[in-house]
Amino acid sequence: MLSTASNRVLTFTLQFSSSLKFSPKTHIDYRPGSLHSSIMSSASRSSPREALFDDSGCGGPITLEEWQRWGCVSPVPAMVNAVIQDLKLLENNIDAHMVFGGNGGKLQGDFKIQEDKKHRAKYETLADSDKKFQFYSARQIACRLLGSRGYLCQKCWLPMEDCMCSKVKPSSLWHGIKFWVYMHPKDFLRQNNTGKLLWQVFGVQAATLCLYGISEDEEIMWNAFKDAGKAKVWCLYPNHNNAPKTVQDAFSHQSSADMECAYSLTNKDRPLNFVLIDGTWSNSAAMFRRVKEQAKLAWGEEDIPCISLATGASAMHKLRPQPSWDRTCTAAAAISVLAELQLLPECSTHGLDKQAEAVEDALVVLLEVLTTRRLRMGRSITRKVRHSRDIC
């Protein structure tokens, strides 16, 4: 997934057996780790909208219920609500309404100018680099939450008129596997994001969202990793500094009994944890560095096992520009690891191919909805050619 290009993360070259090749219905394309590039930024622009606050008039803090409806499992981040409170106070002080527009809950108008000055001043007062990082993440997420209230479906992150929830079929993920979608704040609530499909299909306990820079989320994820042990944590990322292993290299030596022991109902055994870095290619390097920093705190060394997948062009390629055709998206990476695990004799009885197909079906639905939306808005659905020298 690592690349200096500024599009998604996770580059793989998936090659399935004939029985596992993506079905003809996959007439779309994938992309890496989090599909957050400008796949559909132009198509998702909307007319300006004011922030919606609760009836209490106290600034509309995010409640636990609202927070978790967006797909989160952590407590409401304290810094996110602090940012929202600051935004409301500024709104009262300058007698101007918060107005959002475009993709990602972007502030607009005079309020944006005043808020930009205030948040920059506050950022400068934070001496600790980690506090600055957390403040940056919290502000990104707070604006997205406020700008999306009453506009996006809280489950599929699409505008209400384009909601795809009724078309997605839930599936159970084998209990020996758990996905962690480690998402950059700029990809949170992004309409063309594919990482969200994993918990839509498998549920938030099997595929858990962890927001980069949100301490409450990162604490939950790393507590789970420390509990499971380093041997059961794998990052789906092309770490060029330390040659990543293939699924075959990583797991084919394990016996059926060993794979079964990856999960049990006792407190001693834990599932295999797969981390999907969900961010643009330009952001993925910083996200992976943070993973290594946290690994050093947890286990005393930065090295974290990485898996390289063999993936083909992502279904999302038709809408979202990529630096090359071998880049794939977060959902496609999950499909790939499930399909490759299915090829191992010790995993062949767990129905991972059917679980991969369920995610693929959801990806097809997302692509069709995004395509329909673009056509309705008079936008092009032809993929722009970018970095043609890298396309293989």
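Just so you know, these numbers use all the heavy atoms, side chains as well, and skip hydrogens, waters and symmetry mates.
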Subject >> Sub-6.0 Å ring centroid separation between W234 and F251 >> reply: yes
**OP:** Flag the pair F100 / M98 as yes when at least one side-chain heavy-atom distance between them is below 4.5 Å, and no otherwise.
**Re:** yes
Subject >> Qualifying salt bridge (charged side-chain N to carboxylate O under 4.0 Å, His left out) pairs, either residue in residues 68-86, two or more places apart >> reply: E65-R69, D86-K122
Subject >> Heavy-atom neighbours of K155 NZ exceed 12 at 6.0 Å >> reply: no
Subject >> Over all atoms of both residues, closest heavy-atom pair of L198 and A334 >> reply: CD2-CB, 3.6 Å
**OP:** Would you tell me whether D110 and Q114 have side-chain atoms, one donor and one acceptor, within less than 3.5 Å of each other?
**Re:** no
Original post:
side-chain contact (heavy atoms from CB on, under 4.5 Å) between V275 and L236: does it pass, once the steps are laid out?
Top reply: CA-CA 6 Å; V275 183; L236 302 185; over 6 Å; no
Original post:
Do W67 and S74 meet the criterion of a side-chain donor-acceptor pair at a distance under 3.5 Å?
Top reply: yes
**OP:** Kindly state each residue pair satisfying salt bridge (charged side-chain N to carboxylate O under 4.0 Å, His left out) with at least one member in residues 167-184, sequence neighbours excluded.
**Re:** none
Original post:
Between D130 and R290, is the closest basic N to carboxylate O distance under 4.0 Å?
Top reply: yes
**OP:** Examine distances only and state if a side-chain atom of R289 and a backbone atom of S284 form a donor-acceptor pair shorter than 3.5 Å.
**Re:** no
Original post:
Taking all non-hydrogen atoms of both residues, which atom of C165 and which atom of Q200 are closest, and how far apart?
Top reply: SG-NE2, 4.3 Å
Original post:
What's the spacing between S172 OG and Q355 CD if we round to 0.5 Å?
Top reply: 7.5 Å
Original post:
CD/Q68 to CG/L209 distance, rounded to the nearest 0.5 angstrom?
Top reply: 11.5 Å
**OP:** Walk me through it: do C210 and V181 pass the test side-chain contact (heavy atoms from CB on, under 4.5 Å)?
**Re:** CA-CA 6 Å; C210 176; V181 183; over 6 Å; no
Subject >> Check: F188 ring centre within less than 6.0 Å of W157 ring centre >> reply: yes
Original post:
So does K132 pair up with D128, basic N to acidic O under 4.0 Å?
Top reply: no
Original post:
Of all heavy-atom pairs between K186 and Q140, which one has the smallest distance, and what is that distance?
Top reply: CG-OE1, 3.7 Å
**OP:** Measure the spacing between CG of D353 and SG of C347 and express it to the nearest 0.5 Å.
**Re:** 11.5 Å
**OP:** Taking only Lys NZ, Arg NE, NH1 and NH2, and the carboxylate oxygens of Asp or Glu, determine whether E293 and K296 approach each other closer than 4.0 Å.
**Re:** no
Original post:
Looking just at side-chain N and O atoms, do N273 and W180 make a donor-acceptor pair shorter than 3.5 Å?
Top reply: yes
**OP:** Please report the closest heavy-atom contact between F288 and C306, naming both atoms and the distance.
**Re:** CZ-SG, 3.6 Å
**OP:** Flag yes if more than 12 heavy atoms outside N223 fall under 6.0 Å of its CG atom; otherwise flag no.
**Re:** yes
Original post:
If two hydrophobic side chains count as joined below 4.5 Å and joins carry through other members, does Y151 share a cluster with V369?
Top reply: yes
Subject >> Closest contact, heavy atoms only, W70 versus L152 >> reply: CH2-O, 3.9 Å
Original post:
Rounded to the nearest 0.5 Å, how far apart are NE2 of H119 and CG of L107?
Top reply: 10.0 Å
Original post:
Do L338 and L173 come close enough that some side-chain heavy atom pair is under 4.5 Å?
Top reply: yes
Original post:
Angle class for the H350/W174 ring planes (parallel below 30°, perpendicular above 60°, tilted otherwise)?
Top reply: parallel
**OP:** Heavy atoms only: give me the nearest L90-E115 pair and the separation to one decimal.
**Re:** CD2-CA, 3.5 Å
Subject >> Sequence-distant partners of Y212, ring pair (Phe, Tyr, Trp, His ring centres under 6.0 Å), two or more places apart >> reply: F133, Y182, H184
**OP:** Could you give me the CA-CA distance, side-chain angles and deciding distance for K196 and L366, then say whether side-chain contact (heavy atoms from CB on, under 4.5 Å) is met?
**Re:** CA-CA 11 Å; K196 64 189 177 185; L366 176 61; 4.2 Å; yes
Original post:
Is E66 paired with R149 through a side-chain N to carboxylate O contact shorter than 4.0 Å?
Top reply: yes
Original post:
What distance separates L189 CG from M183 CE, expressed to the nearest 0.5 Å?
Top reply: 8.5 Å
**OP:** List the steps, then state whether salt bridge (Lys or Arg N to Asp or Glu O under 4.0 Å) holds for K292 with E301.
**Re:** CA-CA 8 Å; K292 292 194 295 181; E301 52 186 16; over 6 Å; no
Subject >> N/O donor-acceptor pair under 3.5 Å between N283 side chain and G279 backbone >> reply: no
Subject >> K112 atom NZ, neighbour heavy-atom count above 12 within 6.0 Å >> reply: no
Original post:
Step by step, would you call Q248 with E340 a side-chain contact (heavy atoms from CB on, under 4.5 Å)?
Top reply: CA-CA 8 Å; Q248 181 79 14; E340 291 192 33; over 6 Å; no
Original post:
Are I113 and V99 grouped together when hydrophobic residues (ILVMFWY) are joined by side-chain heavy atoms under 4.5 angstrom apart?
Top reply: no
Original post:
What distance do M221 atom CE and K226 atom NZ have between them, rounded to the nearest 0.5 Å?
Top reply: 11.0 Å
